[in-house]
Amino acid sequence: MNVIQHVAANQRGRDFVVGDIHGWYGPLMAELEAVCFDPARDRLFSVGDLINRGPDSERCLLLTQEPWFYAVRGNHEQILFNWLKQPEAVDVETWLRYGGRAWLGTGPEHYFARHAKLRQHAEMLAEQMPWVIELEVGDGRRIGISHSTFPLDEWEDLALRLPFEPALQEALLWERPIKQPEFVHHVEGIDLTVHGHVVVPRVERRGNGIYIDTGAALFEQPLKPESRTHTPRITAIELSELFVISAH
């Protein structure tokens, strides 16, 4: 299991972190153009959920082949990985209803029968895609990236516990503590953590955690009256900007 991917500071250009992409390749490229992203020098770090809901999940998943792109696994990737390993254990109809149909059509079995190379790449990702990225900033500070939250109080505990605790693996992918207005969490041993998974109307800081999923999952969806997000978008933020976001 590839628990933590350690990435050294970028000595050539800038680093950005991006929220959930959910198959929306075009809006992602538009966001990168808006921040003048240079793939020859800059790097992009994803909080996961590259796939499902949008029309270009295959293209988004293949971003993991690019030398400038890094990603942790999200719950939507993990559903795919679970199906690849044990198809009968996955509720495919629910998977399709919650975004998979946009690229899988009638189902993953038919889709991957026609896309053998993509299946091979996804099987590789199932083994190698990290659960967490630890990224160095040029000034010596460190940022931890995981999909939904960081459910421990000490950063250093993760590498020791994650391979042996399925409940902790599930928490990294599925927990939604930010939905509680009073939620504040400070993780010791890391300067900032960055997450997606829960749609927020704007980038939010809770303790030393930054939440940046601003709603790609809602593109072309009717917004509920109680929704706090009125203008869904994909957000990419340069690392230096993360440190000046005000706490909730």
Side-chain angles (χ1 to χ4, degrees), residues 1-3 5 18-25 28 45-65 69-133 145-151 162-163 165-179 195-199 211-213 215-221 232 234:
M1 175 185 291
N2 189 6
V3 176
Q5 182 179 7
V18 67
D20 300 27
I21 298 169
H22 278 303
W24 290 100
Y25 184 87
L28 172 64
F45 293 82
S46 164
V47 298
D49 278 4
L50 308 178
I51 60 174
N52 294 346
R53 305 194 189 282
D56 292 314
S57 285
E58 177 179 351
R59 201 171 184 184
C60 291
L61 194 63
L62 288 175
L63 285 170
T64 54
Q65 296 179 333
F69 187 84
Y70 298 75
V72 298
R73 65 182 68 203
N75 58 300
H76 283 263
E77 283 79 44
Q78 192 61 44
I79 292 169
L80 168 59
F81 300 157
N82 292 344
W83 179 85
L84 291 168
K85 183 177 181 179
Q86 195 174 1
E88 66 278 5
V90 174
D91 182 349
V92 172
E93 184 53 42
T94 298
W95 180 12
L96 296 179
R97 190 167 64 251
Y98 286 95
R101 187 167 282 110
W103 66 299
L104 297 173
T106 56
E109 186 171 339
H110 301 287
Y111 180 86
F112 285 107
R114 303 193 309 273
H115 298 83
K117 287 186 177 180
L118 184 65
R119 177 172 187 146
Q120 184 178 18
H121 181 64
E123 289 172 337
M124 180 275 293
L125 289 176
E127 299 298 322
Q128 298 184 12
M129 198 173 199
W131 294 77
V132 173
I133 289 174
I145 303 169
S146 63
H147 180 56
S148 71
T149 191
F150 192 82
L162 187 64
E165 297 187 23
L168 181 54
Q169 298 167 20
E170 288 288 302
L172 280 171
L173 300 180
W174 290 96
E175 280 194 352
R176 296 177 169 89
I178 192 179
K179 296 191 79 170
H195 316 284
H197 189 54
V198 173
V199 175
Y211 292 81
I212 64 171
D213 177 9
L218 303 178
F219 288 160
E220 297 186 355
Q221 298 291 323
I234 291 175

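Residue numbers count from 1 along this sequence.
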Main-chain N/O of A217 paired with H22 side-chain donor or acceptor, under 3.5 Å: no
Between K85 and E127, does any NZ, NE, NH1 or NH2 come within less than 4.0 Å of an OD or OE carboxylate oxygen? no
Pair R119-E109, salt bridge (Lys or Arg N to Asp or Glu O under 4.0 Å): steps then yes or no: CA-CA 10 Å; R119 177 172 187 146; E109 186 171 339; over 6 Å; no
Is the backbone N or O of L172 less than 3.5 Å from a side-chain atom of S146, with the two atoms forming a donor-acceptor pair by type? no
Would R53 and W24 count as a cation-pi pair here, with the cationic atom under 6.0 angstrom from the ring centre and within 45° of the axis? no
Is the distance between the ring centroids of H147 and H195 under 6.0 Å? no
Check this for me: R59, atom CZ, are more than 12 non-hydrogen atoms of other residues, nucleotides or ligands nearer than 6.0 Å? no
Has E165 got more than 12 heavy atoms of other residues, nucleotides or ligands less than 6.0 Å from its CD? yes
Using only atom types and a distance under 3.5 Å, with no angle test, would you say the side chain of E77 pairs donor to acceptor with the backbone of G74? yes
Side chains of N82 and Q78: donor-acceptor distance under 3.5 Å anywhere? yes
State, yes or no, whether a side-chain contact exists between I234 and F219 at a heavy-atom distance under 4.5 Å. yes
For the residue pair N75 / H197, report whether a side-chain donor-acceptor contact shorter than 3.5 Å exists. yes
State, with a plain yes or no, whether a side-chain heavy atom of F81 is found less than 4.5 Å away from one of E123. no
Answer yes if the side chains of N52 and H76 hold a donor-acceptor pair under 3.5 Å, and no otherwise. yes
Any side-chain heavy atom of P108 within less than 4.5 Å of one from W95? yes
Are side-chain N/O atoms of T149 and Y211 paired as donor and acceptor at under 3.5 Å? yes
